[in-house]
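Presented below is the structure to which this report refers.
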Amino acid sequence: MVRVAVLDKERCRPKNCSFICRRFCPPVRNKIEAIRIGDDGKPLIIEVLCVGCGICVRKCPFQAISIVNLPDEIGKDCAHRFGMNTFRLYRLPIPIPFHVTGLLGKNGVGKTTALNILAGIIKPNLGSWDSPPEWPDIVKHFSGSVLQDHFKRIMEKKLNVVYKPQYVDRIPSAIKGKVQELLDKVDERGVLKDVVESLELKPILDRSLEVLSGGELQRVAVAAVCLREADLYLFDEPSSYLDVRQRLAVARLIRSLALEGKTIIVSEHDIAVLDYLSDQICIFYGIPGTYGIVSAPHGVREGINLFLEGYLPDENVRFRQEAIRFHLKPPREAQTSGRILYSWEELEKSLGNFHLVVSPGDVQVGEVIGILGPNGIGKTTFLRMLAGLESPDKGVILKGPTKISYKPQYISAEYSGTVEALLRSIAGEKFESSFFKTEVLEALSLQRLLDRSVDSLSGGELQKTAIAACLIRDADLYLLDEPSAYLDVEERYGMTKVVKRIVEAFGKAAIVVEHDIVVQDFLADRLMIFSGKPGLEGFAGAPVSLRLGMNAFLKELSITFRRDPSTGRPRVNKEGSKLDRAQKASGEYYYLVEAEGGGRGKGKGKVEGEI
Ligand code: ADP
Ligand code: ADP
Ligand code: SF4
Ligand code: SF4
């Protein structure tokens, strides 16, 4: 067995526990120093002396220790370890020219670490953090694998790598100037005009980086990377902040690099985008913050399906107890309760140069209305009018006694207390209810965050806290603006489950703005489609059935989706493929079901229930 012991130093507070971990450690009681006190006054767990009993894990009042036993054979595959009692990554994704390799896995299992290693930013220490190997040893370690040549080229400084980092909002503090100047400077491939066109960057070329929105920064960052001449292109979460059209444009641009023989690796949580983008998938599994293992590459369809299933047959590893399952919904008309909770007349609102018109509509008890549409088209403005934060210039919202809870798109961490204190201040006694504890906290895996200070949370952790805070408020209608931003696939799935549960179990309703089509498909009972000219005029349609809404939305984007026969998840069709053409001709942009074996099962679009 390989023992992995990790201490979360932020959580560890020896002053408040008198080293209970050490006092109860059986080897220590027998004078074998499996836990020592380090120079920083915090425990050091000596893995070779630890017997893996897990007593320290259970005794620690702050859940600071994690001890895991892994099979022996994995030991030789350690690619990197940050230090004593820290996160460890086993194996690496294999980059292949002409291919886009997609990385899929939870937050905190080492995807960014792997990208940093492949980019040559982190020198892999193969687990020997205290006596790190030199490049020739690293190259030798990977002999017989594609990675041998990769690291040899890094050692010889012959590998050109460009990297789009995860947090694009940090770019303006590192680089100053206008978009045009930045892109001109990096246009080594001489394709500026095409890239500007495909990512629709023309309107912002004259703007300074520091005034750009998240979505604009993301597209500029992707453009800057694609313009460079390199061998290896790495993209960490390229779809954050983007609407569906922009996500697909970014995906097409990245794919076009592969066609030119470049090697590309992309980490992404929107599985429809990852599916569309990738030629092969490497799954990352493990325990966030403790260890991560990279799977062998799988074909894209199989890889995503295995991830959803939570089981890798070739490695005989189950990494999740429960599979993530999609329901095949038939192309039915909306099955609403008919009990109107909230309604609005035709609404109009002007903000600066922007004008929004909203068709009359209603929200009914027990339903989730999904909102789809481009950025800058008035989705947030509409939610803000419903929440009473903006008033319409024309038209009336017939709210009645409805109470509303609203999670805005941009959430800030301006709260100095803990997550628990924040949630208690909102929920009161409800915080103790078993529903809140089991359904909300568990679905969002928030238990471990309860004693963390809100202002120390990462983007995903803050998002989950904000979702819980919104859902625990006593309300009839929940408004959620982009709840899946920063969340990984499992967290997105947990979020959809908890929203649906609350709406269905307690006769509430929700309206959710969301750009992840798979999430929207899973969550929404009806859809509102926003269209128009971003930044100038927006038009919001009335809520319609999922089928009508998706068809209208996808028709405008000129893309069609099929269903994966094993999991029921929606998959984007290749443009111009037989299926794409057939679906466009029949006007069914969304609900056709692919027959087992890849063909199209005519009439199978009406399958109902779980598959
Ligand atoms: P992902 O990209 O899958 O979300 P990351 O590669 O960012 O995961 O992080 C994996 C783990 O490695 C995290 O628990 C993180 O805290 C840890 N980690 C990252 N950098 C360091 C570092 N310099 N020292 C110690 N731990 C680190
Ligand atoms: P979405 O949520 O669809 O991205 P928003 O509702 O946030 O769109 O914004 C729609 C348009 O209205 C954007 O072009 C935005 O710049 C503009 N806008 C929003 N608030 C204001 C404001 N207070 N003053 C001027 N323009 C605004
Ligand atoms: Fe000691 Fe058991 Fe903890 Fe290992 S797992 S450090 S043996 S208490
Ligand atoms: Fe105390 Fe837990 Fe830290 Fe051990 S790991 S010193 S029990 S806080």
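Sequential numbering from 1 along the given sequence is applied to the chain's residues. All heavy atoms count here, side chains included; hydrogens, waters and symmetry mates do not.
Side-chain contact check for R88 versus V2: some heavy-atom pair is nearer than 4.5 Å. Side-chain atoms of Y478 and I502, non-hydrogen and from C-beta on, do get closer than 4.5 Å to each other. Put simply, the side chain of L92 reaches to within 4.5 Å of the side chain of F151, judged on heavy atoms. Side-chain contact between Q463 and K407: present, with at least one pair of heavy atoms (C-beta onward) separated by less than 4.5 Å. Taking the side chain as every heavy atom from C-beta outward, R245 and P374 never approach each other to under 4.5 Å. Side-chain contact between Y163 and D236 is present, with at least one heavy-atom pair separated by less than 4.5 Å. Between L103 and L115 the shortest side-chain heavy-atom distance falls below 4.5 Å. Considering only heavy atoms from C-beta on, F530 comes within 4.5 Å of I371 through its side chain.
Under the 4.0 Å criterion applied to side-chain N and carboxylate O atoms, D279 and R255 are assigned as salt-bridge partners. At a threshold of 4.0 Å, the pair E588-R547 counts as salt-bridged, since one of the basic side-chain nitrogens sits closer than that to a carboxylate oxygen. Between E229 and K262, at least one side-chain N (NZ, or NE/NH1/NH2) sits under 4.0 Å from a carboxylate O, which counts as a salt bridge. E237 and K111 are not joined by a salt bridge, as no carboxylate oxygen comes within less than 4.0 angstrom of a charged side-chain nitrogen. K106 and D488 are not joined by a salt bridge, as no carboxylate oxygen comes within less than 4.0 angstrom of a charged side-chain nitrogen.
Ring-plane geometry between F235 and Y233 is classed as parallel, the angle between the planes falling under 30 degrees on a 0 to 90 degree scale with a further cut at 60. F87 and F82 have tilted rings, their planes meeting at an angle from 30° to 60° on a 0 to 90° scale.
Not counting sequence neighbours, the partners of E514 by the side-chain hydrogen bond (donor to acceptor under 3.5 Å, both in side chains) test are S484. For T86, there are no side-chain hydrogen bond (donor to acceptor under 3.5 Å, both in side chains) partners, not counting sequence neighbours.
Nearest approach of E260 to F98, heavy atoms of both residues: C-CE2, 4.2 Å. Across all their heavy atoms, L527 and G549 have their closest contact at CD1-C, 3.9 Å. In this structure, I271 and I304 approach most closely via the heavy-atom pair O-CD1, 4.0 Å. Counting all heavy atoms, side chain and backbone alike, L199 lies closest to L253 at CD1-CD2, 3.7 Å. Here the closest non-hydrogen pair linking N375 and P534 is O-CB, 3.3 Å. Smallest separation of non-hydrogen atoms from L232 and H150: CD2-CE1, 3.4 Å.
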| said: Is there a salt bridge (Lys or Arg N to Asp or Glu O under 4.0 Å) between E315 and R91? Walk through the geometry before answering. | reply: CA-CA 13 Å; E315 297 173 32; R91 307 193 196 127; 3.4 Å; yes
| task | Assess whether side-chain hydrogen bond (donor to acceptor under 3.5 Å, both in side chains) is satisfied between D270 and S239, documenting all intermediate values. | result | CA-CA 7 Å; D270 178 328; S239 80; 4.7 Å; no
| task | Take D516 and H269, measure what side-chain hydrogen bond (donor to acceptor under 3.5 Å, both in side chains) needs, and give me the verdict at the end. | result | CA-CA 9 Å; D516 183 325; H269 297 302; over 6 Å; no
| field | Intermediate values then yes/no, side chain to side chain contact (heavy atoms under 4.5 Å, CB included), I559 and N573 | value | CA-CA 7 Å; I559 52 167; N573 287 324; over 6 Å; no
| field | Evaluation steps, side-chain hydrogen bond (donor to acceptor under 3.5 Å, both in side chains), between K437 and Q447 | value | CA-CA 8 Å; K437 290 219 156 122; Q447 296 96 329; over 6 Å; no
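In this structure a side-chain-to-backbone donor-acceptor pair under 3.5 Å is present from Q246 to D243. When atom types are taken as modelled, the side chain of S558 and the backbone of K555 share no donor-acceptor pair closer than 3.5 angstrom. Of the possible polar contacts, one joining the K76 side chain to the E73 backbone as a donor-acceptor pair under 3.5 Å is found. Judged by distance alone, with hydrogens and angles left aside, the side-chain atoms of E504 form no donor-acceptor pair with the main-chain N or O of R501 at under 3.5 Å. Looking at D580, its side chain does come within 3.5 Å of a backbone N or O of G576 through a donor-acceptor pair. With R189 contributing its side chain and C226 its backbone, the two residues share a donor-acceptor pair below 3.5 Å.
Side-chain contact of Q280 with T101: a donor-acceptor pair under 3.5 Å is present, judged by distance alone.
Between T496 atom OG1 and L523 atom CG the span is 6.0 Å, to the nearest 0.5 Å. Summarising the geometry, atom CG belonging to L312 is positioned 5.5 Å from atom OG belonging to S295; distances are rounded to the nearest 0.5 Å.
A cation-pi arrangement is found for R563 relative to Y590, the charged atom lying closer than 6.0 Å to the ring centre and inside a 45° cone about the ring normal. Cation-pi check for R320 over F307 is met; the charged atom lies under 6.0 angstrom from the ring centroid and within 45 degrees of its normal.
L118 pairs with exactly one of V161, L147, I154, T113 by the side-chain contact (heavy atoms from CB on, under 4.5 Å) rule, that one being L147. Under the salt bridge (Lys or Arg N to Asp or Glu O under 4.0 Å) rule, D275 has a single partner from R247, K574, R569, R301, which is R569.
The 12-atom threshold is not exceeded at NZ of K152, counting heavy atoms of other residues, nucleotides or ligands nearer than 6.0 Å.
Aromatic ring centres of F522 and Y493: separated by under 6.0 Å.
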